[in-house]
Amino acid sequence: MNAQGSVPESARRYALRRALFRFSQSGLSLVGLALVVTLLMIAVFGPSLAPYPEHLGGAVNTAARFRPPSLAHPFGTNELGQDVFSLVLGGTRVSVLAGLAVVMLGTLIGTVVGAIAGYAGGWTDEILMRISDLKLTVPGLILAMAVAAALGPGILNMVIAIALSWWPGYARLVRGEVMAKKEELFVTAARAIGAGPGRILFRHILPNILTPVIVKMSLDMGFAILTVASLGFIGIGVKPPTPEWGSLLSVARGYMPDYWWTAIFPGLAIFTAVFGFNLLGDGLRDVFDPKARR
Amino acid sequence: MASQTVPPLLDIRDLHLTMKSFDGEAHVLNGIDLTVNRGEIWGLVGETGCGKSLTGLSISRLVSTPPARYARGEIRFEGEDVLKLSESAMQRLRGRHIGMIFQDPTTNLNPSFRIGEQLVDVALAAGRHSPEILGLEARASSSARRMAARALAETMLDKVGIPNAAQRLDDYPHQFSGGMRQRVLIAMALIGRPALLVADEPTTALDVSVQAQVLRLLTGMVQEYAMGVLLITHNLGVVAETCSHVAVMYAGNIVERGPVASVLAAPAHPYTTALLAAIPTRGVKRGDLKGLAGTVPNLIQPPPGCRFAPRCALAGPDCRADVPPMIELGAGHGAACLRVASQTEAA
Amino acid sequence: MLEIENVSKVFPGRRSLFGKSEPVVALDQVSLSVRKGGCFGLVGESGSGKTTLTRSILRLDVPTSGRILFEGQDLASLSPAALRHIRARIQIVFQDPYASLNPRMSVHDIVAEPLVIHRDVMGLDNRQRTDRAVELLALVGLGAQHLHRYPHEFSGGQRQRIGIARALATNPDLILLDEPTSALDVSVQAQVLNLLIDLQDRLSLTYLFISHDLGVIRYVCDEIALIWRGKIVEKGQTAAVFDNPASEYARMLIAAMPEVRSAATRE
Amino acid sequence: MLHFILRRLVLIVPVLFGLTALVFAIARLLPGDPVALAAGPNATPAEIAAYGKEFGLDRPLIVQYGAYLSGLMKGDFGVSIYTRRPVIEDLRAYLPATLELVFAAMFLAIAIGIPAGLAAAAWRDKWPDYLSRVVALGSISMPRFFLGLLLQLLFAMWLGWLPLGGRFPITEDPPALVTGFLTLDALIARDFTAFSIACQHLVMPAIAMSLSPLATIMRMMRASTLEVMQQDYVLTERALGLSSRLIMLKYVSRNAISATLTVIGLYFGWLLGGTVLVETIFDWPGLGLYATKAVVTQDFMPVIGVTLVIGTLFVFANFAVDLLYGVINPKVRTE
């Protein structure tokens, strides 16, 4: 209402401008944004940036095993004489891609289930939510391990394994939001003028719950990357020689404490990536979620 | 002789308050002048966003700064400017000297605590610097204080008309009806025996039948304790039936003030007149109400001069030049309108 | 036009975490009859059952017993298709103009939505719907420049006008006004009340006006009924009820009304 | 109240039943041939078949499930096809270790998270708030296995202050078994040497485990405290002269904690399942380590057993939180 009288501006533009302003007020969120952008760039261009691209394909150099960090090898070399810096750069793509796929898949399944449960209510809700409860009670990592172990290694299998334990979170969120919005007066108004369920759900409810879902997705990206790395660490993940942060760290564990660099740098890479997404997601939540905003 | 020098209970002078937001700094209070004495019940009326609630909150300094900023002016309580007090001195005033009641009785009591506990804590806070409230010596033990506070809580609950006060102290807020909760809140506001009560829309959330009872209770208590009251409301009917004086606010200004009978019977400011003409009172024929055209001004870039001028039928270029001063019409009745001035000069 | 015959609504006790609560009788044998072209006022305080009654008329709730007839047709006996047709002819304006408009829809989409939903009856194409939306906005005193704005850009009074425009979209015969001005300031309330009166005269509408505010009801309505704890306690011509209230409840309510005039006459 | 407890207890049964079905289905329907794996690389097809027959794996799945369920009724969780040990014995040995770790981590998380969250809210937009935000985001971003590694590198390998892993050295005498929690058992036996040894082993894994619940509890506590601080009743409390100390520590915190409670319940279950990584790193003889070994060899009976135990504990943890919520919230309690 405050915009009234001043230069006419569409409400969306105004809301966006306001959100951008709020976002840019927070230094931490900007750091997160920068980290995420860098990460995405590395994921796209990583292999071509690597000083020793041949190591990404599995080439070894036994003459240069366990070199400590130096100018030639900023992160040192590993037990096969491979450049750790190149491997870390190359591992970005797997982590980011897999994380993205997990979140997308989880959101898709979760939103469909949650929307149906929240809107239909009654028995449908009861059954769908009990199924999602079941998924919550089964420890996600063990479930993912079991599925991944049975399906065999590979990115796709890993993504499926993680997404299977991922969707209930979205289902609960969407269900709760749908149920809250269902009680809103404007939904009652739509029902009063004769709108059918499809129209109410897609035109009136879902557009109004988009923001919390997007915020959760951005927060979950970091967590998904973490889970991917965890599976890699346990030894269920991508097939070697594809470099992956978790498995790099797992191999390096055996060479502690003398060759610490082989473990520290992949670990830091995981941390930085996850941290970036969390900073970004937290900033987005501050901007979009009026409850957490204050 | 001493009565000459006793300062008024509440004396707000030229209070300016701005509020920062993403869109800019809004001038929400634009030079408020208001004096409340003991025994007076002032109605502060106005429409949404006129600044009446912020005025009330400012008296107990409960507006967070930032985003708010007191640009100018003072709020003197018994002669002392509360805007200059330290936070701990302010805390001593709250509850003990200035009581407050807010609109919604369902949200103003803490749902997780028994009402007795909440009353006792308020009484203890008030009794910390004035043990006489609890009827105790300054050096009384803390258990003695607690017992006295509980006894006082029971008395107050009884006074506001809650049956079985002793037992109900142990009930939780949700076990009371809306009207009863507002009574509990009145007891809480008055347990420290404040000299000034600020009541912000105390009956708006209540049903009409309950509203009348609560207002009667409130006026009775005020007379018994000889308090001064600032009753903030949007309802002129409530003002007419409860208050001795009224101040009408529009867009951050008090545009008219004076004794209720005089202001409501002979409104001088065009805004007051318009407000009264918009109320569906007895005898108004279907279709005869007068709405007020236009909208409330944008307070970030308020119109120059009289803020009501853009919506005023009588306004001329002179109205848009300067903020009109308060023109005294006798017996404490005043209106901030240049047209009133020309009328009185002509007369 | 609208006949409400012995309608009762009992909500079964809700099963909560810690046991079962008592069933709630929201409406108890309510009978009303709204005359075509009239403005019928229903007065009640919170919890009196007036909201349940509106929801029942709109078939958002189904009464436990009794019948609701619209132009002689029992709403309960209608097929879903027939009910949809009736829906186009009974519209509602809600109390809260802030919550009753979808924040993500433009004014155009809000006002045109009933036309889309009832396009089989209305038979308008896209272009015509936009024209109709402009026409409706003009009817409630808003300019076409507002068409592509969003609800949060409007003041409470303007939003309520948008809500009224939406209710008028399908040329309804009966409009339920559920506390349409309670959330508004008096000066705006007067404008909206006058708009409603004007629209009723021009479009020959029938109103069922629900409010807790006796002053507003007295101003707008020709017939009134008082509802208290789910029961109708008094019914009659507005003037008659105010001058000679028959029930204890009506007397108490009228006495409790805060009136401005009383100040002038008090001293 | 009693009625409520009984109702909830009855509702738990179908959930647990569903859990067994689900886990059984996942473990048995997925591709992979555990028998071939267990029988060894040199086994002939006939040997493999015989091996499968020994464990009843040649029967239809539904029969296997029925047999498993009837075994469960008698407390029989099946037999590992690898070690041929009854799963129940392993569970009995490993569960207390995991629980001890989870309780220690949860204790750390609650004891630090709740006051820190309250402080962050009280000093919103001041340095305690920023600090808590960075710490919280850093904590959830830190992979537990990496943190574990760093802790080992620093405290065990370089400084040599703490043992690298394990729960209790074989060279020392463990305290008499009472609760299964070594720290508690040592205290009960008044064996302070054993207590100190147990603590030294517990501290690093507990810290590594506690990080992410600590962060979440802290953030949740901050958010709910801020939300409570916005409530009308807090304004009333301030307006009537209560000190900000009293308001924060008494009136605000109780409401905020009850909102945070749900998260704590959820996290308890999550931690139980999340011990895998930390137990692997620190060689902690618990369910996670046990499950990991079983998963890698596709030894499904232990996997089902572990999942079932953790699922059951999770369900009961949530049930306990619901109860506690009812006790804290007077509206639920008095109705």
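As a basis for the values below, the full set of heavy atoms in this structure was taken, side chains included, without hydrogen atoms, waters or symmetry mates. Convention: sequence-line order gives letters A, B, ...; per-chain numbering from 1.
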Testing Leu236(B), Val238(B), Val260(B) one by one against Val260(C) for a side-chain contact (heavy atoms from CB on, under 4.5 Å), which residue passes?
Leu236(B)

For Ile279(B), is there any backbone N or O sitting under 3.5 Å from a side-chain donor or acceptor partner on Tyr219(C)?
no

Between Asp201(C) and chain B, which part of the residue has a heavy atom less than 4.5 Å away: side chain, backbone, both or neither?
side chain

Separation between CG (Asp185(C)) and NE2 (His234(B)), nearest 0.5 Å, reads 7.5 Å

Using non-hydrogen atoms and a 4.5 Å limit, figure out which bit of Leu193(C) sits close to chain B: side chain, backbone, both or neither.
side chain

Arg286(B) CZ: over 12 foreign heavy atoms closer than 6.0 Å
yes

Quick one: which residues of residues 206-222 of chain B reach chain C at under 4.5 angstrom, heavy atoms only?
Asp207(B), Val208(B), Ser209(B), Gln211(B), Ala212(B)

Specify the closest pair of heavy atoms between Arg282(B) and Glu259(C), including all atoms of both residues, with the distance to one decimal.
N-OE1, 3.9 Å

